[in-house]
Amino acid sequence: MKVMKFGGTSIGSVNGILSVKKIVEAEKEPVIVIVSAFSGITDQLYKVSELASNGNEEYLAEYKLMHQRHLEIIEAVVPVEKTQNVLEQINAQFNDLSNILRGIFLIKDSSAKIIDTIVSYGESLSSIIVANTISGAKHFESKSFIKTINQFDKHVIDFPKTNALILEKFAEELPVSVCGGFISTDSTTNFITNLGRGGSDYTAAIIAAALDASLLEIWTDVDGFMTADPRIISNTYVIEQLSFSEAMELCNFGAKVIYPPTIFPVFHKNIPVVIKNTFNPEAKGTYISQERSIDPTKAIKGISSINDTSLITIQGLGMVGVIGVNHRIFRVLAKNGISVFLVSQASSENTTSIGMRNVDSALAVKVLRKEFAAEIAQGEIDNIFSEDDLATVAIVGDNMKRTPGIAGKLFGTLGRNGINVVACAQGASETNISFVTDRKSLRKALNVIHDSFFLSEYQVLNIFLIGTGTVGGSLLEQIKLQQPKLIVQNSLKLNVVGIATEFKMLFIRNGINLDNYEEQLEKDGTNVSPELICNEILNMNIFNSVFVDCTASPQIAGLYQTLIQNNISVVAANKIAASSDYDNYAALKEASRRRGVKFLFETNVGAGLPIINTMNSLINSGDHIQKMQAVLSGTLNFIFNTLSAEIPLSKAILMAKEARFAEPDPRIDLSGKDVIRKLVILAREAGYRVDQEDVVKNLFIPDKYFTGSIEDFWKAIPELDAEFEEKRVALAAQGKRWRFVATMEIGKCNVGLQEVDSLHPFYDLQGSNNIILITTERYNEFPMMIKGYGAGASVTAAGVFSDIISIANIR
Ligand code: ADP
Ligand code: ASP
Ligand code: MG
């Protein structure tokens, strides 16, 4: 014989009940079916009682809605020949309910006893309907055999009586017996009581245990016990197998799939539990039994959480070494019916912190202060206080016992993501590590743990992209193309959760569809400013996130410090921050080191060429960079390679702009400013303290061309064409070429126009290419050379992309 429990979510709709009918009717062995109230009905019953007892007439409308819903379901599921009889029973029950409600409406009062009676109608009604829908089923009233006694104002099962009554009621094995869960009656008074919210699971377990059932099936609306609450985490999956203790820990810490007390009776009798989906009966579900985990690679099985937690702390030097303090704490809490789910005590014993539900915290502080009034008066206890609105997270798995380093990894991951741990506890059984954090960090904490313990099939990196111009636009294109491959080959999911342009910004937690982000920005985008971007990102408080700056904006660069402080990595194509005032650069590097996040800007120099990464690798392995010589301006190199009798200077500049090599304002390139910025960044990464003012310049366009507006510049620049052409012809005659060279030697930097002959390694530098020669202690006689495209949308975007990927790899 087995027991099958169908929850409110399973039977709350016509489709659901018809599925249940099919599932039960296909059973070959005798079954006992336990049902909840239709989904939402218990809540509605609590609501009508409150409205009625407040004298609010709206209770009537709510009551009518419930009645109507039951009638509609009967009409759709109960066979015609039984409809009349079922309608009579249901209408009679609604009639009674209506009388009770009218009574409390008139006297504007209600007692706990009456509320218990009112809420019992949910299961009472649903079980009649379901019993009459399944052919050959017989209906039972659970209130006649589930008996409770009162303990600390709570109804607890009177097991001896209940077990005896169950054996008596179900002595004869029928093909299908149906009864409502949740409802019970007091052992002595026979008043209606109940087993608490979600209590139908418990009813099923009690019956299964009393009758030594072969199996308890809990049918619900998900494919099984998931690795975490699927409403909070999107990439959860079904856990195939759990031990009783793992299931118990997960339920205790809020996994709603089963009501926590359910496990105990079946565990005692060693009756396996299977969680199944009424809407997908083929799915295997989750099998819960005495067996321990079979997959040794998974140290943790699941994560659960409770989002209303208060932490009560009892603090005082007087507690150290005093025997019996803990006994008094727990005795007084128990006496007041306060249940505790987490205890954490410092080994010095001078603080004890206790996790409980928010509703219990005020009472707990009051009774503890009273209990320890003498110690407080004598100063042995300094303080007893509560911190409310916290959340508790538990990670659960039997295999944690055999795997060292789980706690280290957990707290490391939380720290890197800026999640503050207020208290933590590890059960001696090592099946569970739980910690308390701020409620606002809960979603992030769950996601980050799920991700880093590889419960997820893939890791997620959440990207905020600012600027969708040449580089940003190309980057989005590349991400879109590469996304499917990264998921399959690298188990990495890139999720673009925010995009901002100069005009609009758009943030979507689950990811923006990159096929039509421009239209979405246009349609759903909101006003944008650097502050708004920053606020939105901090508010979203998303885990594993990276801010990608593809703008040339100083205001956007001004956000990095705040973002890094909030554990968000920054990838910048924007050169402003890394080349800004040295102290600012150093502060960003330091903050990112301290926070365990990354600040990367490989594309600031040489577009996608791996220059900064290479330098870092050399330095990290103990080398010293002594000298660098480089052509770092794709624009200037392109201009010098393009100048000819037909193409004068002004035209070559325009062509560089049109080819999108140049900065948005080409004067930044022509004035050498762009090269100076790059050289400063390289010198700093090589370990030297350099600022832009320290760079000696030998420019080729007089300063006066850079002082006016951009229009003035375009108007005036042709004045230089003739003189340049003359010099170019003379230079060509000597077999030489112009290169704008940046040099650093032991921290001394200069940039300027140089004439190089055909023997020089820079002579043959084509198009907009860049080149760098790095002389180090190890690469001395023959410097290391890196050469290739130094500008262009796709190579720069690729460089940014590779910075982004390297962030995914740090975990
Ligand atoms: P029922 O009406 O069948 O009793 P419940 O609403 O009580 O259903 O429980 C099922 C719900 O529990 C699921 O719909 C899901 O949203 C939620 N849930 C929370 N945590 C988990 C988890 N770890 N695995 C599966 N479901 C979970
Ligand atoms: N109907 C009850 C509740 O919602 C019991 C149950 O659904 O298990 O609390
Ligand atoms: Mg439930």
Side-chain angles (χ1 to χ4, degrees), residues 4-13 16-17 19-20 33-47 66 115-116 118-127 130 142 146 155 179-184 192-206 217-240 242 246-263 273-280 283 285-286 288 300-307 393-397 442 446 449-450 455:
M4 306 169 88
K5 180 261 174 178
F6 293 89
T9 50
S10 295
I11 58 164
S13 62
I17 299 187
S19 267
V20 171
V33 172
I34 314 300
V35 295
S36 298
F38 297 160
S39 54
I41 291 291
T42 308
D43 285 322
Q44 234 170 341
L45 287 164
Y46 276 111
K47 188 172 159 199
M66 277 192 290
I115 305 274
D116 282 348
I118 294 174
V119 295
S120 76
Y121 277 88
E123 270 72 6
S124 197
L125 294 159
S126 68
S127 60
V130 173
S142 52
I146 305 284
H155 306 302
C179 71
F182 181 61
I183 319 168
S184 46
I192 290 188
T193 57
N194 65 56
L195 307 185
R197 298 308 310 269
S200 296
D201 301 333
Y202 192 25
T203 311
I206 294 165
E217 292 178 351
I218 306 271
W219 291 79
T220 182
D221 65 341
V222 280
D223 279 352
F225 228 114
M226 309 279 208
T227 47
D229 189 336
R231 287 162 301 184
I232 306 184
I233 295 181
S234 53
N235 49 349
T236 54
Y237 57 86
V238 174
I239 309 171
E240 277 188 23
L242 283 171
E246 287 171 331
M248 176 90 92
E249 297 281 6
L250 286 169
C251 304
N252 258 336
F253 282 91
K256 202 190 152 199
V257 216
I258 340 181
Y259 181 51
T262 308
I263 303 290
V273 181
V274 185
I275 314 288
K276 296 277 289 177
N277 189 349
T278 304
F279 304 94
N280 183 19
T286 301
I288 305 169
I300 78 168
K301 284 293 211 41
I303 318 166
S304 57
S305 62
I306 297 172
N307 73 358
V393 177
I395 66 171
V396 171
L442 177 60
L446 292 176
I449 298 170
H450 200 266
L455 282 177

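Atoms within a ligand are numbered from 1 in the order they appear, just like the ligands themselves. All residue numbers in this chain count up from 1 along the given sequence. Side chains are part of it too, since the values below use all heavy atoms of this structure and drop only hydrogens, waters and symmetry mates.
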Problem - Salt-bridge present (Asp43, Arg197; N to O < 4.0 Å) - result: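 Looking at Asp43 and Arg197, the cut-off is met.
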Practice task
Sort out for me which residue in Asp201, Thr220, Thr262 forms a side-chain hydrogen bond (donor to acceptor under 3.5 Å, both in side chains) with Lys5.
Solution key: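 Going through the options one by one, the only one that passes is Asp201.
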Practice task
Could you check whether the rings of His450 and Tyr237 sit parallel, tilted or perpendicular, using 30° and 60° as the cut-offs?
Solution key: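 Perpendicular: the ring planes of His450 and Tyr237 meet at over 60°.
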Practice task
May I ask which of Pro230, Ser305, Ala255 has a heavy atom nearer to atom 27 (C) of ligand 1 than the others do?
Solution key: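 It is Pro230 that holds the nearest heavy atom.
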Practice task
Could you check which of Arg231, Arg197, Met226, Lys5 puts a non-hydrogen atom nearest to atom 18 (N) of ligand 1?
Solution key: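 Checking each option, the heavy atom nearest atom 18 (N) of ligand 1 is found in Arg231.
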Can you tell me the protein heavy atom closest to [atom] and the distance?
{"atom": "atom 10 (C) of ligand 1", "result": "Thr220 OG1, 3.4 Å"}
{"atom": "atom 5 (C) of ligand 2", "result": "Glu123 OE2, 3.4 Å"}
{"atom": "atom 13 (C) of ligand 1", "result": "Asp221 OD1, 3.5 Å"}
{"atom": "atom 1 (P) of ligand 1", "result": "Thr9 OG1, 3.4 Å"}
{"atom": "atom 4 (O) of ligand 2", "result": "Arg197 NH2, 2.9 Å"}
{"atom": "atom 22 (C) of ligand 1", "result": "Val257 CG2, 3.5 Å"}

Practice task
Go through Ser184 and His155 one step at a time and tell me if the side-chain contact (heavy atoms from CB on, under 4.5 Å) criterion holds.
Solution key: CA-CA 9 Å; Ser184 46; His155 306 302; 5.5 Å; no
Given side chains that start at C-beta, do those of [X] and [Y] come closer than 4.5 Å, heavy atoms only?
{"X": "Phe225", "Y": "Leu250", "answer": "yes"}
{"X": "Ser10", "Y": "Asp221", "answer": "no"}
{"X": "Ile218", "Y": "Val257", "answer": "no"}

Practice task
Would you tell me whether Ser39 and Thr9 have side-chain atoms, one donor and one acceptor, within less than 3.5 Å of each other?
Solution key: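 There is no such pair between these side chains.
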Problem - ligand 1 to Lys256 polar contact by distance, N or O atoms, under 3.5 Å - result: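 Yes - when backbone and side-chain N and O of Lys256 are compared with those of ligand 1, one distance drops under 3.5 Å.
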Practice task
Please determine if Ser10 has a nitrogen or oxygen closer than 3.5 Å to a nitrogen or oxygen of ligand 1.
Solution key: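 Between Ser10 and ligand 1 (N or O atoms, distance only) the closest approach is not under 3.5 Å.
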Handout entry: Derivation of the side-chain contact (heavy atoms from CB on, under 4.5 Å) call for Ile288 and Ile258
Key = CA-CA 12 Å; Ile288 305 169; Ile258 340 181; 4.0 Å; yes
Handout entry: Gly302 to ligand 1, any heavy atom closer than 4.0 Å
Key =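 Flag not set, Gly302 not near ligand 1.
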Practice task
Mark the output for Gly254 as yes if a heavy-atom distance to ligand 1 is under 4.0 Å, and as no if none is.
Solution key: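 So Gly254 does not count as touching ligand 1.
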May I ask you to list the atoms of ligand 2 that are less than 4.0 angstrom from any heavy atom of [X]?
{"X": "Ser36", "result": "6 (C), 7 (O), 8 (O)"}
{"X": "Phe182", "result": "2 (C), 5 (C)"}
{"X": "Gly198", "result": "3 (C), 5 (C), 6 (C), 8 (O), 9 (O)"}
{"X": "Ser200", "result": "5 (C), 6 (C), 8 (O)"}

Problem - Test item: Ser19 side-chain N/O and Phe279 main-chain N/O as donor-acceptor pair under 3.5 Å - result: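 Looks like no, no N/O pair under 3.5 Å.
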Exercise for the section: Could you go through the side-chain contact (heavy atoms from CB on, under 4.5 Å) check for Ile183 and Ile146 one step at a time? Expected result: CA-CA 7 Å; Ile183 319 168; Ile146 305 284; over 6 Å; no
Practice task
With heavy atoms of Gly8 as the reference, note each atom of ligand 1 found under 4.0 Å away.
Solution key: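 Close to Gly8: 2 (O).
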Practice task
Please confirm whether Gly199 comes under 4.0 Å of ligand 2, counting heavy atoms of the residue only.
Solution key: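 For ligand 2, residue contact (heavy atoms, under 4.0 Å) with Gly199 is present.
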